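As a basis for the values below, the full set of heavy atoms in this structure was taken, side chains included, without hydrogen atoms, waters or symmetry mates. In this text, all values refer to a predicted model and were calculated from it rather than measured experimentally.
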Amino acid sequence: MLVETVKLSTIVMKLTPELYPFLKQRELESEIVLRNGLAALEAEDAMEIIQYSISEHQKDAHLH
């Protein structure tokens with residue numbers, strides 16, 4: 001099984017570049033581990049990852 005670690009910015013630029021301006025730098029710098037690598041990722045998967053990342057960063061913001 002191919003496992004690849006990429007920054008969220010890489011996923012966004014490859015599959016949903018129109019969302020790039022709406023994400024914070026901290027979110028874009030998040031490292032994401034992909035089970036089957038970037039090549040196997042589809043736009044629908046990218047949207048789920050982006051939503052999860054935003055949610056996680058919002059949780060972190062409330063804890064500080």
Side-chain angles (χ1 to χ4, degrees):
M1 176 191 322
L2 172 68
V3 175
E4 186 177 0
T5 301
V6 298
K7 291 189 185 266
L8 183 63
S9 60
T10 303
I11 295 170
V12 172
M13 289 308 293
K14 179 175 166 71
L15 296 163
T16 56
E18 67 278 5
L19 296 179
Y20 193 92
F22 300 103
L23 296 168
K24 296 176 182 167
Q25 192 61 38
R26 194 164 156 234
E27 294 163 345
L28 292 167
E29 292 295 317
S30 299
E31 291 194 341
I32 308 295
V33 178
L34 302 173
R35 250 185 294 170
N36 297 312
L38 187 58
L41 205 60
E42 296 180 12
E44 184 177 297
D45 302 323
M47 287 301 295
E48 284 185 37
I49 292 168
I50 292 165
Q51 289 171 348
Y52 180 78
S53 180
I54 291 170
S55 171
E56 286 301 303
H57 281 94
Q58 286 177 345
K59 281 188 216 172
D60 288 345
H62 292 303
L63 294 176
H64 293 281

Take Ser30 and Glu56, measure what side-chain contact (heavy atoms from CB on, under 4.5 Å) needs, and give me the verdict at the end. CA-CA 10 Å; Ser30 299; Glu56 286 301 303; over 6 Å; no
Working to the nearest 0.5 Å, report the span between [atom1] of [X] and [atom2] of [Y].
X     : Y     : atom1 : atom2 : value
Glu48 : Glu42 : CD    : CD    : 11.0 Å
Lys24 : Leu8  : NZ    : CG    : 13.5 Å
Ser53 : Gln58 : OG    : CD    : 10.0 Å
Leu15 : Leu38 : CG    : CG    : 6.5 Å
Glu27 : Ser55 : CD    : OG    : 10.0 Å

Taking it one step at a time, do Leu34 and Ile49 satisfy side-chain contact (heavy atoms from CB on, under 4.5 Å)? CA-CA 10 Å; Leu34 302 173; Ile49 292 168; 3.8 Å; yes
Other residues, nucleotides and ligands only: do more than 12 of their heavy atoms fall within 6.0 Å of CD on Glu18? yes
Sequence neighbours excluded, the answer for salt bridge (charged side-chain N to carboxylate O under 4.0 Å, His left out) partners of Lys7 is Glu29
Please report the shortest heavy-atom distance between [X] and [Y], naming the atom on each side.
X     : Y     : answer
Leu23 : Val12 : CD1-CG2, 3.6 Å
Ala40 : Asp45 : O-OD2, 4.3 Å
Ile11 : Ala46 : CG2-CB, 3.7 Å

Connected via hydrophobic side-chain network under 4.5 Å: Tyr52 and Leu28: no
Under the side chain to side chain donor-acceptor pair (under 3.5 Å) test, which residues partner Thr10, sequence neighbours left out? none
Check against side-chain contact (heavy atoms from CB on, under 4.5 Å), His57 and Ile54: CA-CA 5 Å; His57 281 94; Ile54 291 170; 6.0 Å; no
